[in-house]
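Given the structure is predicted, the values throughout are model-derived calculations rather than measurements. Below, chains carry the letters A, B, ... as their sequence lines are ordered, and counting in each starts from 1. Values reported hereafter were calculated over all heavy atoms of this structure, with side chains retained and with hydrogens, waters and symmetry mates removed.
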Amino acid sequence: MKEFIRIASGQGYWGDRFDAPIDQVKEGPVDYVVMDYLAEVTMSIMQKQKSRDPNLGYAKDFIPLMKTLLPLLVEKNVKLITNAGGVNPVACMLAVRQVAEDLGLSGLKIAAVYGDDILGQIDSMIASGHPMNNMETGEPLTKIRKNLSSANVYFGARPVVEALEQGAQIIVTGRVTDTGISLAPMIHEFGWKWDDWDKLAAGVVGGHINECGAQASGGNFFQGWKDVPNMERIGFPIVEAYPDGTLIVTKHESLGGLVNERSIKEQLVYELGDPTDYITPDVVADFTSIKLKQIAENRVKVYDIKGFPDTEFYKVSISHFDGYTCIGQLTYSWPEALEKAQKAGDIIRKRIEYLGLEFDAIHTEYLGYNACHGTTSPPVVEPNEIVFLAGVRGHNRKMMQTFANEIVPLVLTGPPSVTGFGGGRPRVRDVIAYWPALLKKEAVSPKVLTMEVI
Amino acid sequence: MKIQLVKIAHARSGDKGDTANAGIIALKPEYYPILKEQLTVERVKEHFKGMVLGEVERFEMPNIGAINFLLHNALGGGGTLTLKHDAQGKTYSTAFLRMEIEVDDNLQID
């Protein structure tokens, strides 16, 4: 057994800095690179792409990245685990295989983890006693059945471990949890059992630290952001995992960023609910058990983590079409910039009323005054400029378009010294809403397909 | 004396649907008891009046000297439904740090 393994975060979300995973492999020793691509809304976009072309439905820009990254991974014997497979992991794997073949990387083993996409089985699942009611509102799924655009089960580390056992070096998955892709290598390398709750929980904490990329290593860092070195080449976090479940969070020395107790604490609380009940498909982790200790510069030990048995459910991420939004903006300048912008807000609301437009929500905000801090914002005295933001949400497409057409006319009919309308009429956008639900684990099983490049 | 929370704490916030979470972290271990005493559910609700429309849940994390808050019904519908510029509540952390708290006059602040 290895003394420890290094699991490097290569991406915090789809659209993150493109060269981070390349740097993680180039700039020092790592054993695994993990890359998170998926968010709720991503799944429905990918589902739409797949419906137009059955060979699509995954993170398309992952493939050009592979052209650069694959030779490095092979040269340095580094494994890559990513949920870039979206709603079509097998197609994604085949595209990666094509790249590998073109590069002459014969012998490379590639795996796809799938079976999470249940969009085609929703009716049979409901019929066989899996209602998937909204876990926040309790409403039945039948309410939105005809508007469904994606439905995916969140798998944990299990199928990824299976792919690793089959010898895969590159693993592309569908909706595997962000934490599962970091936990899986630890289980595989150290032979952890599926009821080693404390160790599994440690792996989940390591995954939570990795899952947002540089947010654990000096990016979006509140306490001391001015002192973060070399942010233009910030080092993403690397979790050194030990067989007993101890972690050391670090980063490559040659890159920027920093790792200290404060940077780790900020990431630990990110998107956190009840800290004693951090539920994943494999284990429930207790974030109030985590201990931190800075043991050297840019090295923080994370240890003593406690975990509890997993629940009998998978979480399901379902998305559905739910009307439209439209947000327009104009910029007002000194003097009395805020008063002018607020007058514009007043006029827009009166126009909506006069034209008889009906919306589910109307919202106005003033960037430069209260768009971030809302009602906690103190008064501003004579700002140089204010951006007026007006948005509506509704289900009547025609009324939405009428609203969209009402913003630009304010330039010549409303308060003076206004600009920032270069984009013309704001766009009416579809709303893809999110429906969180639970599904008994026995209702679905993950699948693994491994191939060798010839 | 009254000080702003930002003098003794740092923070990060994020979203879960229409709920924002904000983790408030003591800058020194000796500030954690102040957070526990001052950051009550009632005070936090009052601070976010008109902005957080639902319940406030509070979870103590003595291991890292932090308190995690869930601010329900706070993001204008959340996710893709919201019309708010800060759709994910990313800056609710700093809105929180504006909060005025009462501390001992002799408290040492760097």
Side-chain angles (χ1 to χ4, degrees), chain A residues 40-41 44 136 212 215 220-224 261-262 264-277 287-292 304 319 322-323 325-327 329 360-365 367 370-378 387 389-393 429-434 436, chain B residues 6 9-27 46-52 57-70 72-100:
Chain A
E40 280 85 28
V41 67
S44 92
E136 279 159 19
C212 296
Q215 210 179 217
N220 190 25
F221 179 44
F222 181 80
Q223 198 57 44
E261 288 185 26
R262 285 175 174 172
I264 300 300
K265 284 179 186 176
E266 286 192 17
Q267 177 55 20
L268 286 179
V269 298
Y270 181 64
E271 288 185 349
L272 187 62
D274 178 347
T276 64
D277 195 28
F287 273 42
T288 66
S289 65
I290 303 167
K291 293 201 178 78
L292 302 179
D304 257 7
S319 65
D322 192 15
T325 58
C326 179
I327 301 171
Q329 69 172 66
D360 301 333
I362 304 170
H363 187 67
T364 48
E365 286 180 331
L367 203 75
N370 70 356
C372 286
H373 287 178
T375 53
T376 69
S377 312
V387 176
L389 297 169
V392 296
R393 184 174 71 240
R429 294 171 187 274
D430 289 356
V431 171
I432 303 299
Y434 174 56
Chain B
V6 69
H10 59 129
R12 179 169 289 169
S13 57
D15 69 318
K16 266 180 197 284
D18 197 20
T19 297
N21 106 287
I24 309 299
I25 309 159
L27 281 170
E46 180 62 28
H47 178 67
F48 283 110
K49 207 173 169 182
M51 191 167 168
V52 174
E57 285 185 276
R58 177 185 185 277
F59 302 96
E60 294 182 2
M61 301 179 74
N63 56 320
I64 58 166
I67 305 181
N68 186 43
F69 289 89
L70 289 180
H72 293 287
N73 198 354
L75 295 172
T80 50
L81 288 171
T82 186
L83 301 170
K84 289 171 80 75
H85 182 65
D86 186 7
Q88 284 99 24
K90 297 270 185 194
T91 63
Y92 278 47
S93 52
T94 45
F96 208 129
L97 293 176
R98 285 181 179 280
M99 192 171 158
E100 295 256 312

Proximity breakdown for [X] and chain B, heavy-atom pairs closer than 4.5 Å:
X	answer
A/Gln215	both
A/Asn220	both
A/Phe222	side chain

Closest approach of [X] to [Y] (non-hydrogen atoms, all atoms of both residues):
X	Y	value
A/Ile264	A/Leu292	CG2-CD2, 3.9 Å
A/Gly273	B/Phe59	O-CD1, 4.0 Å
A/Glu365	B/Leu83	OE1-O, 4.4 Å
B/Phe48	B/Ala95	CE2-CB, 4.0 Å

Residue selection (most heavy-atom pairs with chain A, distance under 4.5 Å) from [options]:
options	answer
B/Ala66, B/Ala11, B/Gly79	B/Ala11
B/Asn63, B/Thr91, B/Thr94, B/Ile25	B/Asn63
B/Asp86, B/Thr80, B/Asp18	B/Thr80
B/Lys90, B/Lys84, B/Lys16	B/Lys84

When you compare the side chain of [Y] with that of [X], does any pair of heavy atoms fall below 4.5 Å?
X	Y	answer
B/Asp15	A/Glu271	yes
B/Phe96	B/Ser13	no
A/Lys265	A/Gln223	no

Out of [options], which one racks up the most heavy-atom pairs below 4.5 Å with chain B?
options	value
A/Leu272, A/Val269, A/Ile327, A/Asp322	A/Leu272
A/Arg429, A/Gln267, A/Glu136	A/Gln267
A/Ser289, A/Cys372, A/Gly374	A/Cys372

Side chain, backbone, both or neither: which part of [X] has an atom under 4.5 Å from a heavy atom of chain A?
X	answer
B/Ala20	neither
B/Val6	side chain
B/Leu27	both
B/Asn68	side chain
B/Lys49	backbone
B/Leu70	side chain
B/Glu57	neither

* Report yes or no: do B/His10 and A/Arg262 form a side-chain donor-acceptor pair below 3.5 Å? =>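 Checked: B/His10/A/Arg262 side chains show no N/O donor-acceptor pair below 3.5 Å.
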For [Y], does its backbone N or O pair with a side-chain atom of [X] as donor and acceptor, under 3.5 Å?
X	Y	result
A/Tyr270	A/Cys212	no
A/His363	A/Gly391	no
B/Thr82	B/Leu75	yes

